[in-house]
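In what follows, a single structure is set out as structure tokens and then discussed.
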Amino acid sequence: MADRSDLHPFPNGWYVFALSSELPKGKVLARAFMGQDVTVFRTQSGQAHAVESYCPHLGAHFGHGGTVVGETLQCPFHGFRFNGKGACVRTGYDTPAPPKAKLRTWHLREQNGFLLIYHHVNGEAPDWQVPSVDEQDWTPLIYKSFVLNDHPQETTENSVDVGHFSYVHNYQRPRETRAFEAKGHALSTGYAVLRSLNFLGFSLRRYDLFFDIQIFGLGYSIVNIRLPLFKVVARLWVLPTSIDENRIILRLALRMKKWPTVLGDLASRLMGRYIFYNFVKDASQDFPIWENKRFLRRPALAQGDGPIGKYRQWAKQFYSPTECDAGKSNTELIADTMEM
Ligand code: FES
Ligand SMILES: [Fe+2]
């Protein structure tokens, strides 16, 4: 049975709450996010805000009838209105707002088509950001999501688990193209592998596939992909966000660099879809393993595994010492695995 009792379910960091396209002006979106009930709304001026889902007046849920009025969120029960800072700016009866009528808020950033929220177990403000990337000459974002029994640290570890590339994904001859580097909240590495081009079950030829991986915290990874044979440069996002103690929503998204030809736009979109289809297929090969594995804090690591020990050492920073119920902090638990 999947057992992750040694990992706190909600590591600190930036996590995707929704795609920007899911939140047009005037829309209210309520979701379970990192074990909390969070509501995001977009005001008439286009600004998105994240607040707790329960109204401090008498507890109604904004996700069930909450509306945007101008720059505020209006509760469905008695019409109290709240601004993006969580302050009550009007009661439903035009009486003074009660001082206690204050909503908890979260730091929210919108970039590259994603609404990112900063989660910190003690409610601390973010001291780092996820960098935004250039979008000019890239195809529109395509996207798919999966709800899995898993954890962001575990899915992100997949990027450095070199040993499984050939066993699970049939990528051959993995080799490092960019040395593992952990710098603050970011981690980068890169690999080249060989893949087979198959048709009707026959392997037609093998081709090189290059992954350049940039990871920002445990919820936001960008994989820059190069396939020289097809002159393809693509960017894949891997975005796990915890829903509750056991489940994550894993979002996969892709843009392809447009080919500079007459039919470049259409052809690039079609090629982007084909590449994305294949990467979704590859990622789903991991799902049954992820959903049923346990987190081992003392894994029996071997040469050839890839930098799993170094990855876990880096990942420690996303847990606060107060997070472990068992008395021993998660930081210490993970530190125990650092033989490699
Ligand atoms: S419960 Fe929200 S206004 Fe009364
Ligand atoms: Fe994998």
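Counting starts at 1 for both ligands and their atoms, following the listed order. Every heavy atom of this structure was used, including side-chain atoms; hydrogens, water molecules and symmetry mates were not.
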Exercise. When you check the space around the Fe ion (ligand 2), which protein N, O or S atoms turn up under 2.8 Å?
Worked result: Asn158 OD1, His164 NE2, His169 NE2, Asp286 OD1, Asp286 OD2

Exercise. In terms of the angle between their ring planes, are His8 and Tyr319 parallel, tilted or perpendicular, with boundaries placed at 30° and 60°?
Worked result: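 Geometry flag for Tyr319 against His8: perpendicular rings.
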
For this session: Kindly assign one of parallel, tilted or perpendicular to the pair Trp314 and Phe318, based on the angle between their ring planes and the thresholds 30° and 60°.
Result: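 Rings of Trp314 and Phe318: perpendicular, over 60°.
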
Problem set entry | N/O donor-acceptor pair under 3.5 Å between Asp305 side chain and Ala302 backbone |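 It does hold such a pair.
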
Problem set entry | Atoms named by residue and atom, protein N, O or S, within reach of atom 4 (Fe) of ligand 1 (under 2.8 Å) | His57 ND1, His78 ND1

No-hydrogen, no-angle side-chain donor-acceptor test under 3.5 Å, [X] and [Y]:
| X | Y | result |
| --- | --- | --- |
| Glu22 | Tyr143 | no |
| Arg195 | Gln172 | no |
| Gln214 | Ser221 | no |
| Asp37 | His61 | no |

For this session: Using ring-ring contact (aromatic ring centres under 6.0 Å, His included) as the criterion, list what pairs up with Trp259, not counting sequence neighbours.
Result: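 Once residues adjacent in sequence are excluded, Trp259 has no partner under the ring-ring contact (aromatic ring centres under 6.0 Å, His included) criterion.
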
Problem set entry | Residues forming a side chain to side chain donor-acceptor pair (under 3.5 Å) with Gln285, sequence neighbours excluded | His169

